[in-house]
Structure formats: C-alpha cells, structure tokens
Amino acid sequence: MYRTEKLVYLEALISRLKVDDEEFPSYQQAYYRAQAGLAGELKMQRTLADYHFPGPYKIFYNFECLNEKGFSHQIDALIITTRFLLVVEVKQISGTLFYKPAFHEFARQTEEGVIENFKNPFDQAYRHQLYISYLLSKWDISLPVLYIVINANIRTKLDSSLNGYPIIHLSGLPNFLEKLYETNRESTVNLMDLERKLVSISRRLPYSKNVERDRLRNGVLCQNCDFHHVMYYHHGLWICPHCGVKSKEAIFLALHQYRLLIGDRITNRELRKFVGIDCKAVTSKLLKRLKFEQFGKGRGVYHLIPEDILERKNE
C-alpha cells in the first residue's frame with residue numbers, strides 16, 4: 001500500500017519526538033490528519049475499482065510532481081480518459097462544511113459547535129487543474145481538464161453554501177463520472193502516449209521538518225509497546241525490558257527512522273550513541289552484518305543507510 005512521504009515522515013517523527021516537546025501535539029495531530037486522508041483515499045480507490053469505465057482509462061493515485069518553477073503538486077487521483085482528465089481531491093473532514101466564496105474561506109463546524117478553518121480544497125484542486133491544462137497545451141494535446149472535491153466521510157454534512165460548487169460525497173462519484181462521459185466527446189488522444197508523458201514527470205516528493213537532534217529520543221524502540229520503551233542488545237537480539245519481546249529486525253526500523261529524521265550517514269560512534277551500545281567492537285560487528293556501504297578513511301569513516309533499509313530485514 002502506497003503511503004506518502006509526509007505520512008511516513010510524521011510516523012517516524014512522533015515515534016521519536018520527546019513527548020514533552022512543545023510541538024509534539026501539533027505533529028501528532030498532523031499525523032492523525034494524514035492517516036485520515038489516507039483512509040479517505042483508500043475508500044475512493046475501492047469506489048473507482050467497482051466503477052465500470054465506458055472506455056479506455058488510466059488512474060494515477062497520489063500523483064506527485066514538480067512544476068517548472070520548482071513548486072510541488074500532489075494530486076490524490078488523476079483520472080485520464082479519451083474524453084477528459086479529472087483531478088480528484090479527497091477529504092475526510094467530519095462535521096458540517098461551509099464555504100464563503102467571496103473570501104475563499106472553507107470551514108467546518110464540529111459536533112461540539114467549534115468552527116475551524118481549513119485549506120480551501122477548491123483552490124488546491126484548481127491549481128492542479130491549471131498546471132495539468134498547461135502541460136496538455138505544451139504537449140499539443142486537446143482534452144478538457146476538470147476537478148472535483150470528494151468527501152469520503154459519510155457522516156459529514158455539506159451546508160447549502162456549497163451548492164453549485166464542485167464537491168460531492170464519495171457515493172456520488174460514479175454518477176458524476178457518468179455525467180462527464182455524457183457531456184464530453186470522444187477524442188483521438190493516444191492514451192498510452194499521454195500516460196508515458198505523465199509518468200516521465202512524476203516523482204515521489206520528499207517531506208521533512210527542521211527538528212533539532214536533541215529533541216529526538218535515542219534507542220531501538222519497541223514497536224510492540226507503541227515505541228514507548230527502549231530495547232537493549234543482547235547476543236544478537238533486541239529485547240524489550242517491558243513486554244519481553246525479542247527481535248533481530250528491530251534495528252532496521254530504528255535506522256529507517258534515523259535516516260528520515262537525522263540523515264543517511266552514520267558513524268560507528270553515532271550508531272553507538274543512537275542504539276545504546278557502549279562497545280565499539282560490538283557496533284563494528286553489527287555494521288558488518290548490516291552490510292552498509294562504507295566511505296572515508298580513519299576518523300572520517302561513515303556508513304550509508306540505504307533507502308531500502310526496511311526491505312533488507314528479510315534478507
């Protein structure tokens with residue numbers, strides 16, 4: 001299952017950030033929102049998987065790219081057909097949603113009566129629509145580009161202030177697509193060629209925050225205890241003093257988090273400090289088993305934590 005770089009980073013950050021850090025609650029809320037967003041996107045994927053497209057189509061989920069000015073575009077779903085392209089922005093916001101078009105203000109009222117403002121999803125989707133339209137013009141491809149905002153939370157109420165704006169509940173997506181097929185003519189666009197062009201510009205976009213090293217907890221943290229307890233190393237195993245779980249692989253997740261939050265380079269000394277091993281020789285043996293690439297000489301020696309560190313635990 002695809003997870004955005006943002007979700008992966010925030011998951012690592014709240015696992016490592018000290019709980020008394022003043023920004024911990026805000027990062028935790030950001031993580032919960034990212035999780036909710038992913039849940040909404042999965043619901044949309046199931047709805048689209050059940051829909052019978054009348055003609056050839058391709059769906060790019062989590063389409064990410066950089067425009068020519070270096071700014072990012074992250075599109076929840078980009079549906080391409082020989083009749084239209086559709087930018088889909090998915091939201092999983094609860095409560096009652098309101099819109100003030102004169103101010104481009106998008107808000108929700110919770111069940112407790114609290115009113116909160118959110119990023120305007122219409123402006124987000126419109127920005128993506130403009131860029132995709134620009135690309136098609138650049139590629140000499142003539143297709144209408146449209147957008148829709150989907151709310152995937154069945155309990156959400158859409159206020160009458162949203163009447164006439166491109167926002168619907170997820171259950172209405174098949175009907176919305178049917179109407180697009182009825183109102184847009186068939187074109188001679190080569191769908192495979194368009195797909196190749198979009199693939200050529202897509203890329204996973206990195207996500208990071210400037211979090212100082214001393215704000216992060218050291219140690220191989222026990223996933224079984226929701227990262228609350230530090231494991232110790234004994235005869236090749238990482239052991240949790242709280243729940244007693246033993247693992248050879250726990251080090252891989254710890255180093256994955258190190259790579260995301262601190263960097264992909266690590267020395268013997270830094271590794272000892274990070275995982276809580278006092279002996280340099282033991283850490284050297286551990287690094288040898290990990291088979292990391294080594295660079296530098298003498299005191300300048302460091303090891304490179306690979307991007308696929310989590311996949312290596314099964315080797």
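Atom set for the values below is all heavy atoms of this structure, side chains included, hydrogens, waters and symmetry mates excluded.
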Can you list, pair by pair, the side-chain donor-acceptor contacts under 3.5 Å of residues 273-286, counting residues two or more places apart and other chains?
from   : atom 1 : to     : atom 2 : distance (Å)
Thr283 : OG1    : Cys279 : O      : 3.0
Ser284 : OG     : Asn268 : ND2    : 3.0
Ser284 : OG     : Lys280 : O      : 3.0

When rounded to the nearest 0.5 Å, the distance separating CG of Asn67 from CG of Leu130 is 11.5 Å
Show me the donor-acceptor pairs within less than 3.5 Å that the side chains of residues 83-100 make with the rest of the protein, sequence neighbours left out.
from  : atom 1 : to     : atom 2 : distance (Å)
Arg83 : NE     : Glu186 : OE1    : 3.2
Arg83 : NH1    : Tyr181 : O      : 2.9
Arg83 : NH1    : Asn184 : O      : 2.7
Glu89 : OE2    : Lys91  : NZ     : 3.2
Lys91 : NZ     : Gln124 : OE1    : 3.3
Ser94 : OG     : Arg108 : NH1    : 3.2
Tyr99 : OH     : Asn120 : ND2    : 3.3

With ILVMFWY side chains joined below 4.5 Å, transitively, what does Tyr232's cluster contain besides itself?
-> Leu237, Ile239
So do the side chains of Ile262 and Arg213 get within less than 4.5 Å of each other, counting heavy atoms only?
-> yes
Listed partners of Asp193 passing side-chain hydrogen bond (donor to acceptor under 3.5 Å, both in side chains), at least two apart | Lys197
Relative to the ring of Phe60, is the ring of Phe63 parallel (under 30°), tilted (30 to 60°) or perpendicular (over 60°)?
-> perpendicular
Taking the side chain as every heavy atom from C-beta outward, state whether Leu191 and Glu195 have any pair of such atoms under 4.5 Å apart.
-> no
Carboxylate-amine/guanidinium contact Glu111 Arg155, below 4.0 Å = yes
Look at the side chain of Lys209 and the backbone N and O of Leu10, then say whether any donor-acceptor pair between them is shorter than 3.5 Å.
-> no
Can you name the side-chain contact (heavy atoms from CB on, under 4.5 Å) partners of Ser187, sequence neighbours left out?
-> Thr82, Leu143, Val189
Is there a path from Phe53 to Leu78 through hydrophobic residues (I, L, V, M, F, W, Y) whose side chains come within less than 4.5 Å of each other?
-> no
same_hphob_cluster(Tyr9, Leu38) at 4.5 Å side-chain heavy-atom cutoff = yes
Members sharing Val114's hydrophobic cluster, built from side-chain contacts under 4.5 Å between Ile, Leu, Val, Met, Phe, Trp and Tyr, are none
His104 to Asp123 - nearest heavy-atom pair and separation = ND1-OD1, 3.0 Å
Apply side-chain contact (heavy atoms from CB on, under 4.5 Å) to His242 and list each qualifying residue two or more places apart in sequence or on a separate chain.
-> Cys225, His229, Cys240
Side-chain heavy atoms of Ile167 within contact of Phe122, under 4.5 Å = yes
Heavy atoms of other groups near Arg289 CZ, more than 12 under 6.0 Å | yes
Minimum side-chain heavy-atom gap His73-Cys65 below 4.5 Å | yes
side-chain contact (heavy atoms from CB on, under 4.5 Å) between Thr156 and His169: does it pass, once the steps are laid out?
-> CA-CA 8 Å; Thr156 301; His169 275 290; 4.0 Å; yes
Tyr126 atom OH, neighbour heavy-atom count above 12 within 6.0 Å | no
Taking C-beta and beyond as the side chain, do Asp264 and Phe292 meet within less than 4.5 Å on heavy atoms?
-> no
Rounded distance [0.5 Å steps], CG in Leu198 versus CG in Leu136 = 7.5 Å
Can you tell me how far CG of Leu180 sits from OG1 of Thr81, rounded to the nearest 0.5 angstrom?
-> 8.5 Å
Determine, stepwise, if the pair Leu261 / Val211 fulfils side-chain contact (heavy atoms from CB on, under 4.5 Å).
-> CA-CA 8 Å; Leu261 303 175; Val211 180; over 6 Å; no
What is the distance from atom NZ of Lys246 to atom NE2 of His234, rounded to the nearest 0.5 Å?
-> 8.0 Å
Can you tell if the side chain of Leu17 reaches within under 4.5 Å of the side chain of Ile14, non-hydrogen atoms only?
-> no
Determine whether more than 12 heavy atoms belonging to other residues, nucleotides or ligands lie under 6.0 Å from atom CZ of Arg185.
-> no
Would you mind reporting whether Phe227 and Leu253 have side-chain heavy atoms less than 4.5 Å apart?
-> yes
Given Ile150 and Asp76, is the side-chain contact (heavy atoms from CB on, under 4.5 Å) satisfied, shown in steps?
-> CA-CA 10 Å; Ile150 299 291; Asp76 294 331; over 6 Å; no
Heavy-atom distance under 4.5 Å between the side chains of Lys58 and Met192, does that happen here?
-> no
Do Ile148 and Ile75 belong together in a cluster built from hydrophobic side chains that touch within less than 4.5 Å?
-> no
Are any side-chain N or O atoms of Arg217 and backbone N or O atoms of Ser15, one a donor and one an acceptor, separated by less than 3.5 Å?
-> yes
Can you get from Val149 to Leu146 by hopping between Ile, Leu, Val, Met, Phe, Trp and Tyr side chains that sit under 4.5 Å apart?
-> no
Between the main-chain N or O of Val220 and the side-chain N or O of Tyr233, is there a donor-acceptor pair closer than 3.5 Å?
-> no
Show which side-chain atoms of residues 21-35 pair as donor or acceptor with protein atoms under 3.5 Å away, not counting sequence neighbours.
from  : atom 1 : to     : atom 2 : distance (Å)
Asp21 : OD1    : Glu23  : N      : 2.8
Asp21 : OD1    : Arg215 : NH2    : 3.0
Asp21 : OD2    : Arg215 : NE     : 2.7
Asp21 : OD2    : Arg215 : NH2    : 3.4
Glu23 : OE1    : Arg215 : NH2    : 2.9
Ser26 : OG     : Glu23  : O      : 2.8
Gln28 : NE2    : Tyr32  : OH     : 3.3
Tyr31 : OH     : Glu11  : OE2    : 3.1
Tyr31 : OH     : Gln35  : NE2    : 3.0

More than 12 heavy atoms from other groups under 6.0 Å of CD on Glu293 = no
Please name all residues satisfying ring-ring contact (aromatic ring centres under 6.0 Å, His included) with His256, sequence neighbours left out, ordered by chain then number.
-> none
Within residues 124-137 or reaching into it, pairs that qualify as salt bridge (charged side-chain N to carboxylate O under 4.0 Å, His left out) - sequence neighbours excluded | none
In the single-linkage hydrophobic clustering (I, L, V, M, F, W, Y; side-chain heavy atoms under 4.5 Å), do Phe176 and Met44 co-cluster?
-> yes
Enumerate the residue pairs fulfilling ring-ring contact (aromatic ring centres under 6.0 Å, His included) with a member in residues 294-313, sequence neighbours excluded, ordered by first and then second residue.
-> Phe295-Tyr302
Check the pair Leu13, Leu216 against side-chain contact (heavy atoms from CB on, under 4.5 Å), reporting the backbone distance first and the verdict last.
-> CA-CA 8 Å; Leu13 181 58; Leu216 303 174; 4.0 Å; yes
Given the rule in the salt bridge (Lys or Arg N to Asp or Glu O under 4.0 Å) test, do Glu64 and Lys6 qualify, once you have shown the distances and angles that lead to the verdict?
-> CA-CA 12 Å; Glu64 300 177 324; Lys6 179 179 181 178; over 6 Å; no
How far does CD of Glu105 sit from OG of Ser161, to the nearest 0.5 angstrom?
-> 10.5 Å
The complete set of side-chain hydrogen bond (donor to acceptor under 3.5 Å, both in side chains) pairs with one or both residues in residues 40-52, sequence neighbours excluded, reads Tyr51-Glu178
Looking at CG of Asp308 and CD1 of Ile305, how far apart are the two atoms once the value is rounded to the nearest 0.5 Å?
-> 12.0 Å
